Amino acid sequence: EAMVGELSSFRDCGIYSLPEGSGAVFVDPVLVLSKSYARHRLRRSSYYARSFQTSQGGARGGAAAEEQVGDTSGASGKRKRKKKGKPRDMNERERAAELRHQEARPFLVKAHECFLHAAELLSVLPTVTRDDGSSQVETEAPPRNFIELGSVWQASHWEISLCLPPQGKLSGLREKESTQSCSNLCAVRTVMPLFDNPVANETDDDLDAEFLNSRYILPSKSCLHMSDLRRIHDLIPAHSDYGFNLIVIDPPWENASAYQKSLYPTLPSRYFLYIPVRQLAHTQGALVALWVTNREKLRIFVEKELFPAWGVTDVSVFYWLKVKDDGSLIGDLDLFHHRPYECLVLGYINSKEICSGCDVSYTLPQSNQVIISIPSAYSRKPPLGKLLSEYVPGPRPGKFVELFARELQSGWTCWGNEPLCFQDARYFVKV
Ligand code: SAM
């Protein structure tokens, strides 16, 4: 019966806690993200475009398909033959990476086994994650490239217009209100600069927004701040009592993958030393959650340089394990350069002040927990707010910020050079 309860709570909130001791949860990002909206839900076929294309066996696209096609080509055959020879010795860094993998491995294996034993979850997965019948969006015009738009001189002139309900409340710096009535759907339209300016939906409802003839959906109590890293200091609150209690960071780490390169620009790791994490944190402390790829060089950089520079202590590590909808891993766990998991490194700012004057007590996370999910077509990370809330210090509800965000969430400030990327109205279905 506990299982049935778990299943219905999964259908409701998108998180399935695997049995105690497994240290693992299964997450459906589409269900979790849809909780941010009052009148919309995410369109499954746009989140999982790649998996749908694969399972339909029709036209294929995305990196997975390219990799597979590549595998049958002569070039990769040569590669394979070459690999059959005597394995070359690992260098020091590779050995360190392997050691790290061996440390993580038992937790990943155990989590995956528990997931495979969750029969009732597995039995509903193909239905839950199947295309909801909403038509594909692939054939329409490509989504707007905010990175390009934000980098031209005209950027400061471009405005987003928000469609407010009759007594809607809204804030935005340099806001200029016009009461010209527009479509019959909205009573008031408010116009403000889109780039280098916070744009907030302070209402309790989803808001429609318009920018260059496209429509976007902004979840309630969310704030989007679209700017380049050069202007990240604009995010620092005027007083640290208004700082953030949860700071999620998914930096554009440099990456050899051509697929990744075509998705967004990357930056040298050293740039991230200057992210003002300490100034963004709340006086009562902040939990910092940083996504790191499996490159050993980066893990060392984070431990030895980045976290010390930011003042982050009490470090622990979670893993994001990627599976298919039949429950299998997306790839061999032991494949050296393509691990089917990524790391989330956690730590605290101001952990010493943990109990002095804190409103609510919170627990420190135990290392080696595993978040299992089916990865999306665009390498989006699973949403973390609900999973991490018990570890967040400070007043409730906490203030959450995501740096380098590509989408919005209710209750969050989302900063980056394209936080509207996945807010296009065509990625949503009205409910
Ligand atoms: N967490 C996101 C998700 O789940 O979809 C993915 C974030 S992705 C790893 C990194 C983001 O950083 C990309 O959106 C990229 O465009 C952005 N970015 C790259 N260079 C930037 C810069 N100079 N300033 C601000 N954002 C930048």
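Both counts, for ligands and for their atoms, begin at 1 and track the order of listing. Only this structure's heavy atoms are used, side chains among them; waters, hydrogens and symmetry mates stay out. Keep in mind that this is a model prediction, so the values were computed, not measured.
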| message | Any heavy-atom pair between the side chains of Ile217 and Tyr37 that's under 4.5 Å? | response | yes
Salt bridge (Lys or Arg N to Asp or Glu O under 4.0 Å) test vs Lys221 passes for just one of Asp206, Asp205, Asp204, namely Asp204
Does the plane of the ring in His157 sit parallel, tilted or perpendicular to the ring in Trp153? Use 30° and 60° as the thresholds. perpendicular
Ordered by chain then number, the protein residues lying under 4.0 Å from ligand 1 by heavy atom are Ile147, Ser227, Asp228, Leu229, Asp250, Pro251, Pro252, Tyr264, Pro265, Leu267, Arg380, Lys381, Glu402, Phe404, Arg406, Trp415, Asn417, Glu418
* Parallel under 30°, tilted from 30 to 60°, perpendicular over 60°: which one fits the rings of Tyr378 and Phe422? -> tilted
**Prompt:** Does any non-hydrogen side-chain atom of Met192 lie less than 4.5 Å from one of Val199?
**Reply:** yes
Partner of Asp208 under salt bridge (Lys or Arg N to Asp or Glu O under 4.0 Å), picked from Arg39, Arg215, Arg189, is Arg215
